[in-house]
Amino acid sequence: MYRLEDLNPVQQLAVVHREGPLLILAGAGSGKTRVLTYRIAHLIAQGVEPWEILAITFTNKAAQEMRERAGTLVGSEGRGLWVTTFHSACVRILRQEIGNLPGYTRDFVIYDSGDQQSVLKTCLKELNLDDKKFPARAVGAVISEAKNKLLDQDNFEQQSGDYSQHQIAKVYRAYQKRLKVSNALDFDDLIMLTVSIFRQNPEVLSRYQERFRYILVDEYQDTNHAQYSLVKLLAARYRNLCVVGDDDQSVYGFRGADVQNILDFERDYPEAKVLKLEQNYRSTQSILEAANSVVCNNTERKEKSLWTKNPKGQPLIFYVADDEQDESRYVAERIKRLRNLEGRPLNDFAILYRTNAQSRVLEERLMKEGIPYRIFSEHKFYERLEIKDILAYLRVLSNPADIVNFVRILNVPKRGLGGTSLAKVLEYTEEQKMPILEAILEADYIPDLQPKARKSILAFAQLMQSLKELVNNETSVYKLVEEILNRTGYRDPLITDNTPESQARLENIAEFLSVTDEYDKKASQSKPVAADELGVELTPGLSGFLEQVSLVAEIGQLDQQEAAVVLMTMHSAKGLEFPVVFIVGLEEGIFPSIRSDLEPGLIEEERRLCYVALTRAREKVYLCHAGQRMLYGRRQYNSRSRFLEEIPYNLLEEIDPIDPPARQPKKLKSTEFSSRVSSTGLNSSAFGSPARKLGTPLVENVQEEFRLNDKVGHDKFGQGIIMGVKGEGHQTVLTINFQGQLKQLIAEYAKLTRLKA
DNA sequence: CCGATTTCCGCACAG
DNA sequence: CGGAAATCGG
């Protein structure tokens, strides 16, 4: 059972709000998952049927967490409730409504980005496009972007202007054609085509509108246009749409997320109720204040001010490293000391970086120091070569038209069938317009094949035929995979090899087998009983298994409970929290990334990322800057990240209080922030300003008109207290706390009056 | 056709 | 620098 008393007043309002649109602006650590799950429980308690509720998240992890937490609140009352990702919801709808998409059957397969890539390469070759001018990756990105904007191949062609766009429009068309031949959809299609079916078939849409009378969307700031439209369509009738998000945490612009969706919610739904969850339960005041003062430099954002009842905590610690080696040494050393001095377990620590390339040095250091660590999101289980191979067998068996996966396995293991034979097979398949797996049964009629190749293809065809019988006899997935492995001899070369890599592959295969076994067992229990099964219906058999795999992409991570420091990008840290957080590489050109210099708006996204990173921490934040850094095989000299300058000085300390006080721990001198080295790595003298060493004061006579903690008055913002002083003379920038609202003002222009304390 | 060698290229990323 | 793809030679 759930208790409303466990929630703060605003959270309660969010939970009990019943009819009509609701926008919940949920700051970092404000208990939004709690609100969402309680809201689901409350709706059900108020008599809403669970199957009338649709809760959408972005990641499987979030969906699973929400399912579990909702499950403990409502128990078996939750049967029929949908708590899923956008993609998984769309797949379920599409399996049902695929009849509205000519050319597709319900066995359709989902192509991942790798599969997508190989289809694109074929298309580019077919159209004789220079793959230097049109790299498959880039073209794929354009097509994906188009789909996220709901532009199908016709719309895209219409709105394409220059030559290059017209060429891409051709590729787009060819690409869709090839997907259809393979009875395949890519991830972006799942959303775009669901929307398209809804738009073209009002009676279909109507059924779903009637069913999902209450819709909840998590991380609404991350929705792209297609997802936004999908939600809008579904909610159009009952308008019981509750969206939760934080515009300050929108960091996925690069994959089509549009912050405007959340900013415009009140325009789309004028009757919307808006609630702000501003109490943070996670971080210390210092951390929160630092995060706020960084993000308040952004212009396009909803005003909000996070606060907390938590203690002030210690200042954020700032370390200037010589280079990336020194940086990693510092991090490792700090972790060791905090473990010794404060008895912290390894799981307390997270190291966050901007790009994956930064992880290696850290890894090497941790390894050397014997500190157990775990890299979050190394490449995905289902994307490993051997797993993809086995999956390719399964996919072709389930969908005989699947060309990409056919190509993948034709010569795996080695059957002496290379590009030449493959081309002939493909040509024949295209002419005959039949599924490729059926085409090769007629290998005798395929022209121009070498006798050896012909024989080999026929043998392969018969092998697949025999495996297909197993599928038809509803053999368990486990048994099927075992038969594939045995009959193809897939593991033989790995066993012979006996290298560490081949050993790892064999282990992965063994793990895959246990995944299939688990699936067989789970799916055969017809009723979802346990609470954690809310919203997951497993179809027994191969197709159900494949769907699960396509949508989940990551294997249940149960065995990763062992204590270890975690390393991850700031992006993947979103939604997580740690007692101690290290943020490394605070350098212009790294973080913020080099690209934010030119593209407008990008810097604001980087700043939000900084906000996300800082607010992951509960107790302590360590910030590192390296004066020089080896990256991508070249040495870079970067100046300090502007984000460091945006944190008020009184919240930063350069000497960690856990150090023995050799000298008095000093506050950072503001002058140390004013000098910058140009990001080209050359010193700035070439640009007119005199070369000088970092740390040397720029201005000799500092007029200290305003000092920390001075009380000041402003005719617009009222009374405030100075939280930070940065820069000198004309450039002095003050960070002022006006009743919880942090503002950064230029002292010279702000017309401030000094008040007596 | 296959393995070895060279060349190329580089943000963030779930589904 | 390191991984993936392209190219070369047997």
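As a basis for the values below, the full set of heavy atoms in this structure was taken, side chains included, without hydrogen atoms, waters or symmetry mates. Chain A is the first sequence line, chain B the second, and so forth, proteins listed ahead of strands; every chain is numbered from 1.
With sequence neighbours excluded, no residue forms a salt bridge (charged side-chain N to carboxylate O under 4.0 Å, His left out) with R616(A). Under the rule for a side-chain contact (heavy atoms from CB on, under 4.5 Å), the partners of R137(A) that lie at least two apart in sequence or sit in another chain are Q117(A). Y172(A) is linked by a ring-ring contact (aromatic ring centres under 6.0 Å, His included) to F156(A), counting only residues two or more places apart in sequence or in another chain. Remark: E300(A) engages no residue in a salt bridge (charged side-chain N to carboxylate O under 4.0 Å, His left out) (not counting sequence neighbours). With sequence neighbours left out, the side-chain hydrogen bond (donor to acceptor under 3.5 Å, both in side chains) criterion links S144(A) to D188(A). Partners of D322(A) according to the side-chain contact (heavy atoms from CB on, under 4.5 Å) rule, which considers only residues two or more places apart in sequence or in another chain, are D326(A). By the salt bridge (charged side-chain N to carboxylate O under 4.0 Å, His left out) test, E604(A) is found to be paired with no residue, residues two or more places apart in sequence or in another chain being considered. For the salt bridge (charged side-chain N to carboxylate O under 4.0 Å, His left out) test, no residue two or more places apart in sequence or in another chain qualifies with K424(A).
Of the residues in residues 406-415 of chain A, N411(A), K414(A) come within less than 4.0 Å of DNA chain B through at least one heavy atom, sorted by number. Residues of residues 216-223 of chain A having a heavy atom closer than 4.0 Å to DNA chain B: none are found.
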5' to 3', nucleotides 2-10 of chain C under a 4.0 Å protein heavy-atom cut-off (B base, S sugar-phosphate only, - none) gives S--------
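Here the nucleotide nearest the side chain of R137(A), chosen from dC11(B), dC9(B), dA14(B), is dC11(B). When each of dG15(B), dA12(B), dC9(B) is scored by its nearest atom to the side-chain atoms of F187(A), the top-ranked nucleotide is dG15(B).
Of the side-chain N and O atoms in T85(A), none sit less than 4.0 angstrom from OP1 or OP2 of dA14(B). In this model, the phosphate group of dG15(B) is approached by a side-chain N or O of N60(A) to a distance below 4.0 Å at OP1 or OP2. In terms of phosphate contacts, T569(A) brings a side-chain nitrogen or oxygen within less than 4.0 Å of OP1 or OP2 of dC13(B).
In this structure, the CZ atom of R354(A) is 13 Å from the C1' atom of dG10(B), given to the nearest Å. Straight-line distance from the CE atom of M570(A) to the P atom of dC11(B): 16 Å, rounded to whole Å. Rounded to an integer number of Å, the gap from I110(A) CD1 to dG15(B) C1' is 9 Å. As a whole-Å value, the separation of Q64(A) CD from dG15(B) P is 11 Å. L609(A) has its CG atom 15 Å from the P atom of dC11(B), to the nearest Å. To the nearest angstrom, C1' of dG15(B) lies 18 Å from CZ of F381(A). Between R634(A) atom CZ and dC1(C) atom C1' the separation is 11 Å, expressed in whole Å. Between the NE2 atom of H571(A) and the C1' atom of dC13(B) there is a distance of 8 Å, given to the nearest Å.
For the 3.5 Å distance criterion, the side chains of Y111(A) and N405(A) fail to qualify, holding no donor opposite an acceptor. Inspection of the Q96(A) and Y208(A) side chains reveals no N or O donor paired with an N or O acceptor under 3.5 Å.
Counting only residues at least two apart or on different chains, the ring-ring contact (aromatic ring centres under 6.0 Å, His included) pairs with a member in residues 582-602 of chain A are F582(A)-Y622(A), F591(A)-F643(A).
Nucleic acid contact class of L417(A) (heavy atoms, under 4.0 Å, all strands): sugar-phosphate only. Nucleic acid contact for Y632(A): base, since at least one base atom lies under 4.0 Å from a heavy atom of the residue. Using a 4.0 Å heavy-atom cutoff across all strands shown, N356(A) reaches sugar-phosphate atoms only and no base atom.
Because its NZ or CZ atom is not both nearer than 6.0 Å to the ring centre of F406(A) and within 45° of the ring axis, R395(A) does not count as a cation-pi partner of that residue.
Along DNA chain B, the nucleotide nearest G419(A) and the nucleotide nearest L551(A) are compared for position; the residue whose nucleotide lies closer to the 5' end is G419(A). In terms of position on DNA chain B, the residue among T59(A) and T355(A) whose nearest nucleotide sits closer to the 5' end is T355(A).
Remark: R608(A) does not engage D222(A) in a salt bridge, criterion side-chain N to carboxylate O under 4.0 Å.
Here F58(A) does not pack flat against the base of dA14(B), since the 5.5 angstrom centre distance and 30 degree tilt limits are not both met.
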